[in-house]
Amino acid sequence: MLIGICGGICAGKSSIADYLVSEHGFKRIRLDRNSPTPPVEKSATNEHVPESAPPRDGAAAVNEDGDANETSFPNVNGLLEFVTKRWRERWVTTDIWDEAIVDALLRRPFFLLVSVDAPVSVRWERFKARCIAASLPPPTLTDFVVRNDAHLFAAPTHLSSLLHRAQLRLLNATPSLSTLHEALRSLDLANPSRLRPSWDAYFMTLASLAAQRSNCMKRRVGCVLVSNNRVLSTGYNGTPRGMRNCNEGGCARCNAAAAGGSSLATCLCLHAEENALLEAGRERIKDGSILYCDTCPCLTCSIKITQVGITEVVYSLAYSMDTEAARIFDEGGVKLRQFVPPRDGLVDLAALAGTEVDLASLEIKS
(Lines give C-alpha, C1' and ligand atoms only; values in the text may rest on other atoms or scores of the structure.)
Protein backbone atom coordinates (compact mmCIF):
# COMPACT_ATOMS: atom_id res chain seq x y z
CA MET A 1 0.00 0.00 0.00
CA LEU A 2 1.27 3.46 -0.91
CA ILE A 3 -0.49 6.55 0.46
CA GLY A 4 0.36 9.87 -1.17
CA ILE A 5 -0.55 13.01 0.75
CA CYS A 6 -0.83 16.33 -1.07
CA GLY A 7 -1.73 19.75 0.26
CA GLY A 8 -0.61 23.29 0.88
CA ILE A 9 2.11 24.46 3.23
CA CYS A 10 1.29 23.71 6.90
CA ALA A 11 -1.92 21.88 6.05
CA GLY A 12 -0.71 18.86 8.03
CA LYS A 13 0.83 16.53 5.44
CA SER A 14 3.87 15.58 7.48
CA SER A 15 1.87 15.25 10.69
CA ILE A 16 -0.45 12.74 9.02
CA ALA A 17 2.50 10.87 7.50
CA ASP A 18 4.22 10.74 10.91
CA TYR A 19 1.02 9.34 12.41
CA LEU A 20 0.90 6.58 9.79
CA VAL A 21 4.55 5.75 10.50
CA SER A 22 4.16 5.63 14.28
CA GLU A 23 0.69 4.09 14.55
CA HIS A 24 0.42 1.82 11.51
CA GLY A 25 3.96 0.83 10.59
CA PHE A 26 4.23 2.84 7.37
CA LYS A 27 7.63 3.83 6.00
CA ARG A 28 8.37 7.26 4.57
CA ILE A 29 9.42 7.36 0.93
CA ARG A 30 10.74 10.50 -0.74
CA LEU A 31 10.57 11.88 -4.26
CA ASP A 32 12.95 14.64 -5.31
CA ARG A 33 11.29 17.94 -6.13
CA ASN A 34 11.38 18.59 -9.89
CA SER A 35 10.82 22.36 -9.69
CA PRO A 36 12.10 25.28 -7.59
CA THR A 37 10.82 25.74 -4.06
CA PRO A 38 7.58 27.78 -4.31
CA PRO A 39 7.56 31.22 -2.62
CA VAL A 40 4.80 30.08 -0.23
CA GLU A 41 7.37 27.90 1.54
CA LYS A 42 9.80 30.81 2.04
CA SER A 43 10.26 33.41 4.73
CA ALA A 44 9.90 37.17 4.30
CA THR A 45 13.56 37.20 3.22
CA ASN A 46 12.92 34.45 0.64
CA GLU A 47 14.81 31.78 2.55
CA HIS A 48 13.40 28.25 2.57
CA VAL A 49 11.74 27.47 5.89
CA PRO A 50 12.49 23.89 7.02
CA GLU A 51 9.95 21.70 8.74
CA SER A 52 10.03 21.60 12.52
CA ALA A 53 11.85 18.27 12.51
CA PRO A 54 15.46 18.48 11.28
CA PRO A 55 15.88 17.07 7.77
CA ARG A 56 17.69 13.80 7.34
CA ASP A 57 20.65 13.64 4.99
CA GLY A 58 21.33 10.92 2.46
CA ALA A 59 19.18 8.67 0.34
CA ALA A 60 18.07 6.58 3.28
CA ALA A 61 17.58 7.36 6.95
CA VAL A 62 18.28 4.69 9.54
CA ASN A 63 16.30 4.34 12.72
CA GLU A 64 17.69 3.29 16.09
CA ASP A 65 17.22 -0.38 15.23
CA GLY A 66 19.46 -0.02 12.21
CA ASP A 67 16.66 -0.38 9.63
CA ALA A 68 16.23 1.99 6.73
CA ASN A 69 12.88 3.72 7.26
CA GLU A 70 13.09 6.40 4.60
CA THR A 71 14.07 6.05 0.94
CA SER A 72 14.49 8.73 -1.72
CA PHE A 73 14.17 8.62 -5.52
CA PRO A 74 15.00 11.16 -8.23
CA ASN A 75 11.86 10.46 -10.27
CA VAL A 76 8.44 8.82 -9.95
CA ASN A 77 9.33 5.88 -12.20
CA GLY A 78 12.08 4.77 -9.83
CA LEU A 79 9.75 5.14 -6.86
CA LEU A 80 7.04 3.10 -8.60
CA GLU A 81 9.43 0.31 -9.54
CA PHE A 82 10.60 0.11 -5.94
CA VAL A 83 7.13 0.08 -4.37
CA THR A 84 5.59 -2.25 -6.97
CA LYS A 85 7.99 -4.98 -5.84
CA ARG A 86 7.04 -4.26 -2.21
CA TRP A 87 3.38 -3.34 -2.49
CA ARG A 88 2.40 -5.58 0.42
CA GLU A 89 4.39 -3.29 2.70
CA ARG A 90 3.08 0.10 3.85
CA TRP A 91 4.55 3.25 2.35
CA VAL A 92 3.68 6.95 2.61
CA THR A 93 4.95 10.01 0.77
CA THR A 94 4.17 13.71 0.98
CA ASP A 95 6.10 14.48 -2.21
CA ILE A 96 3.18 14.82 -4.60
CA TRP A 97 4.46 17.73 -6.65
CA ASP A 98 2.30 17.89 -9.78
CA GLU A 99 -0.31 16.15 -11.93
CA ALA A 100 2.25 14.14 -13.90
CA ILE A 101 3.27 12.42 -10.67
CA VAL A 102 -0.37 11.81 -9.72
CA ASP A 103 -1.12 10.38 -13.18
CA ALA A 104 1.72 7.90 -12.82
CA LEU A 105 0.85 6.85 -9.27
CA LEU A 106 -2.89 6.44 -9.87
CA ARG A 107 -2.23 3.72 -12.44
CA ARG A 108 -1.21 1.41 -9.61
CA PRO A 109 -3.96 -0.43 -7.71
CA PHE A 110 -2.06 -0.11 -4.43
CA PHE A 111 -2.01 3.73 -4.44
CA LEU A 112 -4.33 5.99 -2.44
CA LEU A 113 -4.24 9.77 -2.94
CA VAL A 114 -5.19 11.79 0.13
CA SER A 115 -5.37 15.59 0.16
CA VAL A 116 -5.24 17.74 3.26
CA ASP A 117 -6.15 21.40 3.54
CA ALA A 118 -6.87 23.97 6.24
CA PRO A 119 -8.16 27.55 6.33
CA VAL A 120 -5.50 29.93 5.08
CA SER A 121 -5.52 31.83 8.39
CA VAL A 122 -4.79 28.60 10.27
CA ARG A 123 -2.00 27.63 7.90
CA TRP A 124 -0.46 31.10 8.14
CA GLU A 125 -0.36 30.88 11.95
CA ARG A 126 1.31 27.48 11.68
CA PHE A 127 3.80 28.79 9.12
CA LYS A 128 4.62 31.80 11.31
CA ALA A 129 5.45 29.43 14.17
CA ARG A 130 7.65 27.39 11.82
CA CYS A 131 9.49 30.56 10.70
CA ILE A 132 10.06 31.67 14.28
CA ALA A 133 11.37 28.21 15.22
CA ALA A 134 13.88 28.52 12.38
CA SER A 135 14.81 32.09 13.42
CA LEU A 136 13.47 33.47 10.15
CA PRO A 137 11.07 36.42 9.65
CA PRO A 138 7.58 35.24 8.62
CA PRO A 139 5.81 36.79 5.64
CA THR A 140 2.86 39.07 6.23
CA LEU A 141 -0.62 37.58 5.93
CA THR A 142 -1.11 39.46 2.65
CA ASP A 143 2.11 38.08 1.18
CA PHE A 144 1.26 34.59 2.39
CA VAL A 145 -2.20 34.72 0.75
CA VAL A 146 -0.73 35.93 -2.57
CA ARG A 147 1.94 33.23 -2.51
CA ASN A 148 -0.63 30.61 -1.51
CA ASP A 149 -2.90 31.54 -4.44
CA ALA A 150 0.02 31.19 -6.83
CA HIS A 151 0.82 27.75 -5.37
CA LEU A 152 -2.81 26.66 -5.74
CA PHE A 153 -3.63 27.92 -9.21
CA ALA A 154 -0.44 28.67 -11.18
CA ALA A 155 1.90 26.40 -13.11
CA PRO A 156 3.76 24.17 -12.56
CA THR A 157 2.03 22.88 -9.41
CA HIS A 158 -1.68 23.62 -10.01
CA LEU A 159 -2.13 22.27 -6.50
CA SER A 160 -5.89 22.90 -6.46
CA SER A 161 -6.42 20.32 -9.21
CA LEU A 162 -4.44 17.76 -7.22
CA LEU A 163 -6.59 18.34 -4.14
CA HIS A 164 -9.76 17.65 -6.11
CA ARG A 165 -8.42 14.40 -7.57
CA ALA A 166 -7.86 12.83 -4.16
CA GLN A 167 -10.08 9.90 -3.18
CA LEU A 168 -10.09 11.21 0.39
CA ARG A 169 -10.02 14.95 1.15
CA LEU A 170 -9.23 16.04 4.70
CA LEU A 171 -9.93 19.43 6.25
CA ASN A 172 -7.41 19.85 9.05
CA ALA A 173 -8.17 22.77 11.36
CA THR A 174 -7.40 20.62 14.41
CA PRO A 175 -5.80 22.64 17.23
CA SER A 176 -3.32 19.98 18.39
CA LEU A 177 -1.55 16.78 17.34
CA SER A 178 -3.53 14.76 19.87
CA THR A 179 -6.80 15.98 18.33
CA LEU A 180 -5.50 15.20 14.86
CA HIS A 181 -4.48 11.68 15.91
CA GLU A 182 -7.86 11.07 17.52
CA ALA A 183 -9.62 11.99 14.28
CA LEU A 184 -7.27 9.87 12.17
CA ARG A 185 -7.85 6.82 14.37
CA SER A 186 -11.59 6.95 13.74
CA LEU A 187 -10.98 7.50 10.03
CA ASP A 188 -9.05 4.23 9.60
CA LEU A 189 -6.81 5.49 6.80
CA ALA A 190 -5.01 2.17 6.34
CA ASN A 191 -8.19 0.19 5.63
CA PRO A 192 -7.39 -2.07 2.61
CA SER A 193 -10.91 -1.59 1.22
CA ARG A 194 -9.91 1.97 0.32
CA LEU A 195 -7.72 0.43 -2.39
CA ARG A 196 -9.97 -2.37 -3.57
CA PRO A 197 -13.60 -2.26 -2.45
CA SER A 198 -14.99 -5.24 -0.56
CA TRP A 199 -17.90 -7.09 -2.14
CA ASP A 200 -20.26 -5.13 0.10
CA ALA A 201 -18.74 -1.82 -0.98
CA TYR A 202 -18.71 -2.89 -4.63
CA PHE A 203 -22.35 -3.90 -4.78
CA MET A 204 -23.51 -0.97 -2.67
CA THR A 205 -21.74 1.35 -5.09
CA LEU A 206 -23.61 -0.33 -7.96
CA ALA A 207 -26.86 0.20 -6.05
CA SER A 208 -26.04 3.88 -5.62
CA LEU A 209 -25.23 4.13 -9.31
CA ALA A 210 -28.56 2.51 -10.20
CA ALA A 211 -30.29 5.10 -8.00
CA GLN A 212 -29.02 7.84 -10.32
CA ARG A 213 -31.42 6.48 -12.97
CA SER A 214 -34.42 6.96 -10.68
CA ASN A 215 -37.19 9.23 -11.95
CA CYS A 216 -39.19 9.34 -8.69
CA MET A 217 -39.84 12.85 -7.39
CA LYS A 218 -39.76 11.76 -3.74
CA ARG A 219 -36.37 10.07 -3.40
CA ARG A 220 -33.73 8.19 -5.35
CA VAL A 221 -33.27 4.53 -4.46
CA GLY A 222 -31.18 1.86 -6.16
CA CYS A 223 -30.97 -1.89 -5.68
CA VAL A 224 -28.75 -4.78 -6.82
CA LEU A 225 -29.65 -8.46 -6.54
CA VAL A 226 -26.63 -10.77 -6.26
CA SER A 227 -25.95 -14.51 -6.20
CA ASN A 228 -22.48 -15.94 -5.61
CA ASN A 229 -21.00 -12.46 -6.06
CA ARG A 230 -22.59 -12.19 -9.51
CA VAL A 231 -25.17 -9.55 -10.37
CA LEU A 232 -28.58 -11.03 -11.19
CA SER A 233 -30.39 -7.76 -11.72
CA THR A 234 -30.52 -4.09 -10.81
CA GLY A 235 -33.44 -1.80 -10.11
CA TYR A 236 -34.35 1.79 -9.33
CA ASN A 237 -37.61 3.39 -8.33
CA GLY A 238 -39.98 5.10 -10.72
CA THR A 239 -43.18 4.65 -12.72
CA PRO A 240 -43.76 1.40 -14.70
CA ARG A 241 -42.60 0.82 -18.26
CA GLY A 242 -44.69 2.61 -20.87
CA MET A 243 -46.03 5.18 -18.41
CA ARG A 244 -44.99 8.79 -18.13
CA ASN A 245 -42.02 9.16 -15.79
CA CYS A 246 -42.68 10.38 -12.27
CA ASN A 247 -40.44 13.40 -12.81
CA GLU A 248 -42.53 14.30 -15.83
CA GLY A 249 -45.77 14.24 -13.85
CA GLY A 250 -46.51 10.52 -14.17
CA CYS A 251 -47.27 9.99 -10.46
CA ALA A 252 -49.68 12.56 -8.99
CA ARG A 253 -48.92 11.48 -5.43
CA CYS A 254 -45.15 12.05 -5.67
CA ASN A 255 -45.55 15.29 -7.59
CA ALA A 256 -47.95 16.61 -4.92
CA ALA A 257 -45.15 16.27 -2.35
CA ALA A 258 -47.29 14.00 -0.17
CA ALA A 259 -45.97 13.47 3.35
CA GLY A 260 -43.93 10.32 3.90
CA GLY A 261 -46.10 7.29 4.55
CA SER A 262 -49.32 9.02 3.40
CA SER A 263 -51.49 8.27 0.32
CA LEU A 264 -49.35 5.24 -0.50
CA ALA A 265 -52.30 3.53 -2.22
CA THR A 266 -52.28 6.25 -4.90
CA CYS A 267 -48.55 6.04 -5.65
CA LEU A 268 -47.78 4.70 -9.13
CA CYS A 269 -44.02 4.29 -8.59
CA LEU A 270 -42.44 0.87 -8.33
CA HIS A 271 -39.74 0.60 -5.67
CA ALA A 272 -36.15 -0.26 -6.59
CA GLU A 273 -36.42 -3.63 -4.83
CA GLU A 274 -39.60 -4.50 -6.75
CA ASN A 275 -37.95 -3.68 -10.07
CA ALA A 276 -34.89 -5.79 -9.23
CA LEU A 277 -37.04 -8.76 -8.20
CA LEU A 278 -39.21 -8.49 -11.33
CA GLU A 279 -36.14 -8.22 -13.53
CA ALA A 280 -34.50 -11.29 -12.00
CA GLY A 281 -37.58 -13.49 -11.92
CA ARG A 282 -38.23 -16.18 -9.33
CA GLU A 283 -36.39 -18.88 -11.27
CA ARG A 284 -33.07 -16.99 -11.11
CA ILE A 285 -33.21 -16.25 -7.39
CA LYS A 286 -31.41 -19.04 -5.55
CA ASP A 287 -30.58 -19.84 -1.95
CA GLY A 288 -27.83 -17.51 -0.82
CA SER A 289 -28.97 -14.57 -2.95
CA ILE A 290 -28.29 -11.17 -1.40
CA LEU A 291 -30.17 -7.95 -2.02
CA TYR A 292 -28.21 -4.68 -1.75
CA CYS A 293 -30.22 -1.50 -1.43
CA ASP A 294 -29.02 1.98 -0.54
CA THR A 295 -32.16 2.48 1.60
CA CYS A 296 -33.63 -0.07 4.00
CA PRO A 297 -36.64 -1.72 2.32
CA CYS A 298 -40.17 -0.65 3.23
CA LEU A 299 -42.69 -3.05 4.76
CA THR A 300 -44.28 -4.02 1.42
CA CYS A 301 -40.94 -4.72 -0.24
CA SER A 302 -39.78 -6.67 2.81
CA ILE A 303 -42.71 -9.04 2.40
CA LYS A 304 -41.90 -9.63 -1.26
CA ILE A 305 -38.19 -10.08 -0.56
CA THR A 306 -38.99 -12.70 2.06
CA GLN A 307 -41.43 -14.47 -0.26
CA VAL A 308 -38.95 -14.99 -3.12
CA GLY A 309 -36.32 -16.55 -0.84
CA ILE A 310 -33.66 -13.84 -0.52
CA THR A 311 -31.16 -14.91 2.16
CA GLU A 312 -29.76 -11.53 3.17
CA VAL A 313 -30.53 -7.82 2.80
CA VAL A 314 -27.75 -5.23 3.06
CA TYR A 315 -28.65 -1.54 3.18
CA SER A 316 -26.90 1.77 3.70
CA LEU A 317 -29.47 4.39 4.77
CA ALA A 318 -32.21 4.00 7.35
CA TYR A 319 -35.91 4.42 6.49
CA SER A 320 -39.02 5.17 8.52
CA MET A 321 -40.16 1.53 8.54
CA ASP A 322 -36.89 -0.11 9.60
CA THR A 323 -38.36 -1.69 12.77
CA GLU A 324 -41.30 -3.23 10.92
CA ALA A 325 -39.04 -4.44 8.09
CA ALA A 326 -36.61 -5.99 10.59
CA ARG A 327 -39.48 -7.86 12.25
CA ILE A 328 -40.61 -9.31 8.90
CA PHE A 329 -37.08 -10.37 7.98
CA ASP A 330 -36.44 -11.88 11.39
CA GLU A 331 -39.58 -13.98 11.24
CA GLY A 332 -38.93 -14.96 7.63
CA GLY A 333 -35.33 -16.00 8.28
CA VAL A 334 -33.76 -13.20 6.23
CA LYS A 335 -30.58 -11.63 7.62
CA LEU A 336 -30.67 -7.81 7.71
CA ARG A 337 -27.60 -5.68 8.25
CA GLN A 338 -26.44 -2.13 7.62
CA PHE A 339 -23.29 -1.46 5.61
CA VAL A 340 -21.10 1.40 6.84
CA PRO A 341 -18.19 2.06 4.43
CA PRO A 342 -14.95 3.84 5.35
CA ARG A 343 -15.37 7.61 5.27
CA ASP A 344 -14.38 9.19 1.97
CA GLY A 345 -14.95 12.43 0.14
CA LEU A 346 -14.45 15.58 2.24
CA VAL A 347 -13.91 14.90 5.95
CA ASP A 348 -13.60 17.63 8.60
CA LEU A 349 -11.06 16.20 11.03
CA ALA A 350 -11.85 18.70 13.80
CA ALA A 351 -15.54 17.79 13.66
CA LEU A 352 -14.64 14.10 13.56
CA ALA A 353 -12.71 14.54 16.81
CA GLY A 354 -15.58 16.50 18.36
CA THR A 355 -13.65 19.79 18.36
CA GLU A 356 -15.06 23.13 17.25
CA VAL A 357 -12.58 25.60 15.79
CA ASP A 358 -13.50 29.27 16.10
CA LEU A 359 -11.60 30.96 13.27
CA ALA A 360 -12.79 34.39 14.43
CA SER A 361 -10.86 33.93 17.68
CA LEU A 362 -7.51 33.67 15.91
CA GLU A 363 -5.21 36.62 16.49
CA ILE A 364 -4.21 37.77 13.02
CA LYS A 365 -1.29 40.18 13.25
CA SER A 366 0.94 41.13 10.36
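These numbers come from a predicted model, not from an experiment.
- Between the side chain of Thr239 and the backbone N or O of Arg244, at least one donor-acceptor pair lies under 3.5 Å.
- More than 12 heavy-atom neighbours from other residues, nucleotides or ligands sit within 6.0 angstrom of CZ on Arg337.
- Arg194 contributes a side-chain N or O that, together with a main-chain N or O of Arg343, makes up a donor-acceptor pair within less than 3.5 Å.
- Side-chain atoms of Asp32 and Ser72 form a donor-acceptor pair, as typed in the model, at a separation below 3.5 Å.
- Between Tyr19 and His181, the ring-plane angle classifies as tilted under the 30° and 60° cut-offs.
- The residues Asp117 and Arg123 are annotated as salt-bridged, a charged nitrogen and a carboxylate oxygen being separated by less than 4.0 angstrom.
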Derivation of the side-chain contact (heavy atoms from CB on, under 4.5 Å) call for Thr295 and His271: CA-CA 11 Å; Thr295 302; His271 290 192; over 6 Å; no

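- Within the 4.5 Å cutoff, the side chain of Asn172 has heavy atoms near those of the Arg126 side chain.
- Under the 4.5 Å side-chain heavy-atom criterion for grouping Ile, Leu, Val, Met, Phe, Trp and Tyr, Leu159 is connected to Val76 within one hydrophobic cluster.
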Candidate pair Asp18 and Arg28, rule side-chain contact (heavy atoms from CB on, under 4.5 Å), full reasoning: CA-CA 8 Å; Asp18 290 343; Arg28 290 290 289 264; 3.2 Å; yes

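- A donor-acceptor pair under 3.5 Å is absent between the side-chain atoms of Trp87 and the main chain of Pro109, judged by distance alone.
- Annotation: cation-pi pair Arg107/Phe111 absent, no NZ/CZ under 6.0 Å from the ring centroid and within 45° of its normal.
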Residues Arg147, Phe127; criterion side-chain contact (heavy atoms from CB on, under 4.5 Å); working and verdict: CA-CA 13 Å; Arg147 293 175 176 185; Phe127 190 65; 5.7 Å; no

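- Taking OH of Tyr202 as the start and CG of Asn229 as the end, the distance is 10.0 Å to the nearest 0.5 Å.
- With a 4.5 Å cut-off on side-chain heavy atoms, Pro342 and Asp188 do not count as touching.
- Transitive grouping of hydrophobic side chains (ILVMFWY, heavy atoms separated by less than 4.5 Å) keeps Val334 and Val314 in distinct clusters.
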side-chain contact (heavy atoms from CB on, under 4.5 Å) between Met1 and Leu195, worked out: CA-CA 8 Å; Met1 182 180 200; Leu195 298 178; 3.7 Å; yes

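- In this structure, CG in Asn245 is found 9.0 Å from SG in Cys269, a value given to the nearest 0.5 Å.
- With a 6.0 Å radius and a threshold of 12 heavy atoms from other residues, nucleotides or ligands, Arg213 has its CZ atom at or below the threshold.
- For Gln167, the CD atom is densely surrounded, since the number of other residues' heavy atoms within 6.0 Å is greater than 12.
- Considering only heavy atoms from C-beta on, Val313 stays 4.5 Å or farther from Cys293 through its side chain.
- Panel note: side chain Thr93, backbone Ile29; a donor-acceptor pair is recorded below 3.5 Å.
- Note that the CG atom of Leu270 and the CG atom of Asn275 stand 5.0 Å from one another [nearest 0.5 Å].
- The minimum heavy-atom distance linking Ile285 with Ala280 is given by the pair CG1-CB, 4.2 Å.
- For the 3.5 Å distance criterion, the side chains of Thr140 and Thr142 fail to qualify, holding no donor opposite an acceptor.
- Ser161 approaches His158 most closely through the heavy-atom pair OG-O, 2.7 Å.
- A tilted orientation is assigned to the rings of Phe82 and Phe73, their planes being inclined by 30° to 60°.
- Between Phe203 and Trp199, the ring-plane angle classifies as parallel under the 30° and 60° cut-offs.
- Every residue two or more places apart in sequence or in another chain that forms a side chain to side chain contact (heavy atoms under 4.5 Å, CB included) with Ser186 is listed here: Leu352.
- For Asp294 and Ser316, the side-chain atoms include no donor-acceptor pair closer than 3.5 Å.
- No donor-acceptor pair closer than 3.5 Å links the side chain of Asn46 to the backbone N or O of Pro39.
- Separating the CG atom in Leu177 from the CD1 atom in Ile16 is a distance of 10.5 Å, to the nearest 0.5 Å.
- If you take OG1 on Thr94 and CD1 on Ile5, they are separated by 7.0 Å, rounding to the nearest 0.5 Å.
- For Arg282 (side chain) and Val308 (main-chain N/O), a donor-acceptor pair under 3.5 Å exists by modelled atom type.
- When the side chains of ILVMFWY residues are joined at heavy-atom separations under 4.5 Å, either directly or via intervening members, Val116 and Leu112 end up in a single hydrophobic cluster.
- A donor-acceptor contact closer than 3.5 angstrom links the side chains of Ser193 and Asn191.
- Taking 4.5 Å as the limit, some side-chain heavy atom of Leu105 sits within range of a side-chain heavy atom of Leu79.
- Under the 4.0 Å criterion applied to side-chain N and carboxylate O atoms, Lys304 and Glu273 are not assigned as salt-bridge partners.
- The two residues Leu232 and Ser227 come nearest to each other via the heavy atoms CD1-CB, 3.8 Å.
- Side-chain atoms of Lys13 come within 3.5 Å of backbone N or O of Gly8 as a donor-acceptor pair.
- To the nearest 0.5 Å, the span separating CD1 on Ile101 from CG on Leu162 amounts to 9.0 Å.
- In this structure, the side chains of His151 and Ile9 stay at 4.5 Å or more apart for every pair of heavy atoms.
- The ring pair (Phe, Tyr, Trp, His ring centres under 6.0 Å) pairs that include a residue from residues 214-249 number zero, where partners must be two or more places apart or lie in different chains.
- Panel note: side chain Ser214, backbone Asn237; a donor-acceptor pair is recorded below 3.5 Å.
- Cluster annotation: Phe329 is connected to Leu225 through the hydrophobic network of ILVMFWY side chains, with a link wherever side-chain heavy atoms come within less than 4.5 Å.
- Linking Ile, Leu, Val, Met, Phe, Trp and Tyr residues whenever their side-chain heavy atoms come within less than 4.5 Å leaves Val120 and Leu171 in two separate clusters.
- Judged purely by atom type and a 3.5 angstrom limit, Arg90 uses its side chain to pair as donor or acceptor with the backbone of His24.
- For the pair Ser160 (side chain) and Leu152 (backbone), a donor-acceptor distance under 3.5 Å is present.
- Under 4.0 Å is where a charged nitrogen must lie from a carboxylate oxygen, and between Glu125 and Lys128 at least one such pair does.
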